[in-house]
Structures are given as C-alpha cells and as structure tokens.
Amino acid sequence: MAMAAPIHASSITKISSTKQIYPFTSHYRPSSLVLSHTLSLRSTLRRPMVAAAATTAVEAEPRSNSTAPSKSLPFRVGHGFDLHRLEPGYPLIIGGIDIPHDRGCEAHSDGDVLLHCVVDAILGALGLPDIGQIFPDSDPKWKGAPSSVFIKEAVRLMHEAGYEIGNLDATLILQRPKLSPHKEAIRSNLSQLLGADPSVVNLKAKTHEKVDSLGENRSIAAHTVVLLMRK
C-alpha cells in the first residue's frame, strides 16, 4: 500500500496564525495543510479570472460596432405630429381636400396639417430630417405651396430607399367642423398621393372636448404612425 507523503515543517510555517485567516470563528480550526492548499487554490483561480476579464474587455470593442443602424432593415416605423393655428380668412385644407369652415390654418404653405404630419412620419421612418428642415418656411419658394409637393418628395425618398407603405394610421384633432362627411374623400386622396391601397390607410377624427386651443376651435392637430416595408 502506498504511503502518504510526509508533511514538511515548511508547509506548516506558511500559516502564522489561524485567527488571522479565519477571524469569524473560534470553533473550527482547519489544519495548516488544508489552509495551505486552500490558499494555493485561490491564487490559481484568480489568474484565469483576470485573464478572462482582459479577454472580454478586448473582445467587447468590436461587438459595439455592430449596433450601428442597418439600412437594410425589413421594416421601419415613423411617427409624425403637426399643429396649426386656425384663423379667419384662410382656407381649411385637410389631406388635400378643401373643407368648408369659417377659418383655416395659418401657415407658410397651404397649412395642410394632415399631409405635413404624414410627411414627417415618413421622413422619421427613413431616419431623415423633419419637414421644416427639408422645406424651410424661410424659403420664399414654399410660400403658399400645396402640401402635395411635400408628400410627393417624401414618397420619392421612400422609394429611393427601397421601401413602400405597409400601413398608415392618422388621427386628426379638432373641435369643428365635423369631418365625418369628408373622411372618405380625405382618405382616398391621401392614398392616391402615397401610391398606396386605401385598405392600408386609416383616418380617425377626434374632438378635444372643448379643452385648450384645440377644443376652443383655435387650432387643429394631427398624429400619424406609418409602417414602411422593404420592397
């Protein structure tokens, strides 16, 4: 039978005081041999952990570059919002349709709140600047311009990027006039401007319960969410 290796005094002298290593207990006192092997094991384990951490730090930098947005996304989502004051003496044009009312939108162009909102949603989905940057109101050539010009440019940019309308959902907010008699005409014209089937274009109208400028017939607002799909 093989004999156990003798324990040398040098192994015992490595530990000068058990209480310094285990100050939390006065009952359990492991042998100096156990402590010697424990400390050796701890030292051995620390080195791979440090090396692994260093390896992780080195590898992390290349992975961070992969978070850059891809231009080949299968779909993109955009949100648009617009608001205009309503003033006497201006036409009220919504979605390219002239709506009979005693006041209309005060704006640099024709003030079509719905088309402006849709343009911003498409530009946002494409990751482009907003309508105010592409068609600034400081440029006199846009004075009184029909908003169909803006939406045709947004649609051109959409097709150029390789996308088409998946679906669009718009909400108009105004106290007056009631839009129920005009909703189908607005939706049909918007679909035509977008080159989209009317089944993927939805339009809702809400009052503002007589609250704030919207509810007091002093302004009109619109929200649009659009889904663009890769062709």
Side-chain angles (χ1 to χ4, degrees), residues 75-126 130-131 135 142 144-159 163-229 231:
F75 61 87
R76 287 177 175 269
V77 176
H79 171 261
F81 170 77
D82 197 26
L83 181 146
H84 287 298
R85 289 195 306 272
L86 291 174
E87 298 287 351
Y90 292 90
L92 180 60
I93 301 173
I94 301 176
I97 305 298
D98 197 336
I99 308 296
H101 194 40
D102 62 352
R103 58 188 62 197
C105 293
E106 182 182 7
H108 186 69
S109 62
D110 64 1
D112 193 324
V113 69
L114 177 59
L115 293 192
H116 293 181
C117 183
V118 170
V119 168
D120 255 352
I122 294 173
L123 295 177
L126 295 173
D130 60 45
I131 186 173
F135 308 104
W142 305 123
S147 296
S148 58
V149 173
F150 308 148
I151 202 160
K152 286 176 182 177
E153 176 63 10
V155 169
R156 185 191 70 79
L157 292 170
M158 175 184 70
H159 289 308
Y163 291 89
E164 60 186 356
I165 299 291
N167 76 295
L168 181 145
D169 184 37
T171 303
L172 287 159
I173 308 170
L174 72 166
Q175 196 66 32
R176 295 195 305 273
K178 296 295 185 184
L179 289 185
S180 298
H182 312 288
K183 281 176 67 176
E184 276 308 308
I186 295 171
R187 190 169 74 94
S188 175
N189 191 57
L190 178 58
S191 301
Q192 185 176 353
L193 288 170
L194 293 170
D197 191 281
S199 65
V200 301
V201 177
N202 189 45
L203 178 65
K204 308 184 297 295
K206 305 283 185 181
T207 69
H208 213 245
E209 300 296 333
K210 300 182 179 180
V211 176
D212 298 334
S213 64
L214 289 166
E216 295 169 357
N217 194 35
R218 293 187 290 111
S219 64
I220 179 175
H223 288 271
T224 298
V225 177
V226 66
L227 172 68
L228 305 185
M229 305 293 294
K231 291 182 181 180

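Residues take their numbers from the sequence shown, with the count starting at 1.
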Work out which heavy atom in [X] is nearest to a heavy atom in [Y]; give both atom names and the distance.
X: Gly95; Y: Asp112; result: N-OD1, 2.9 Å
X: Phe150; Y: Ala145; result: CZ-CB, 4.3 Å
X: Ala205; Y: Lys183; result: N-NZ, 4.5 Å
X: Ala154; Y: Val119; result: CB-CG1, 4.1 Å
X: Ser191; Y: Pro198; result: OG-CA, 3.4 Å
X: Glu106; Y: His84; result: O-ND1, 3.8 Å

Pairing residues for Glu216 by the side-chain hydrogen bond (donor to acceptor under 3.5 Å, both in side chains) criterion, not counting sequence neighbours: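 side-chain hydrogen bond (donor to acceptor under 3.5 Å, both in side chains) check on Glu216 returns Arg218.
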
A side-chain contact here means heavy atoms from C-beta on lying under 4.5 Å apart; do [X] and [Y] qualify?
X: His208; Y: Val211; result: yes
X: Val118; Y: Leu194; result: yes
X: Ile220; Y: Asp82; result: no
X: Met229; Y: Leu227; result: yes
X: Leu86; Y: Gln175; result: no
X: Asp120; Y: Thr224; result: no
X: Leu193; Y: Lys152; result: yes

Working to the nearest 0.5 angstrom, can you tell me the gap between [X] [atom1] and [Y] [atom2]?
X: Leu172; Y: His182; atom1: CG; atom2: NE2; result: 12.0 Å
X: Ile122; Y: Glu153; atom1: CD1; atom2: CD; result: 11.0 Å
X: Asn189; Y: Ile97; atom1: CG; atom2: CD1; result: 4.5 Å
X: Leu174; Y: Leu83; atom1: CG; atom2: CG; result: 11.0 Å
X: Ile94; Y: Leu179; atom1: CD1; atom2: CG; result: 5.0 Å
X: Asn202; Y: Leu168; atom1: CG; atom2: CG; result: 8.5 Å

Candidate pair Leu203 and Ile186, rule side chain to side chain contact (heavy atoms under 4.5 Å, CB included), full reasoning: CA-CA 8 Å; Leu203 178 65; Ile186 295 171; 3.5 Å; yes

Pair Ser109, His116: side-chain N/O donor-acceptor within cut-off below 3.5 Å: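 Result is yes, a qualifying pair exists.
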
Audit row: Asn217, His101, side chain to side chain contact (heavy atoms under 4.5 Å, CB included) steps and yes/no: CA-CA 11 Å; Asn217 194 35; His101 194 40; 3.4 Å; yes

For Arg103, all residues meeting salt bridge (Lys or Arg N to Asp or Glu O under 4.0 Å), sequence neighbours excluded: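 Residues passing salt bridge (Lys or Arg N to Asp or Glu O under 4.0 Å) with Arg103: none at all.
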
Gln192 atom CD, over 12 foreign heavy atoms within 6.0 Å: no

Contact list for residues 200-211, test salt bridge (charged side-chain N to carboxylate O under 4.0 Å, His left out), sequence neighbours left out: Asp169-Lys204

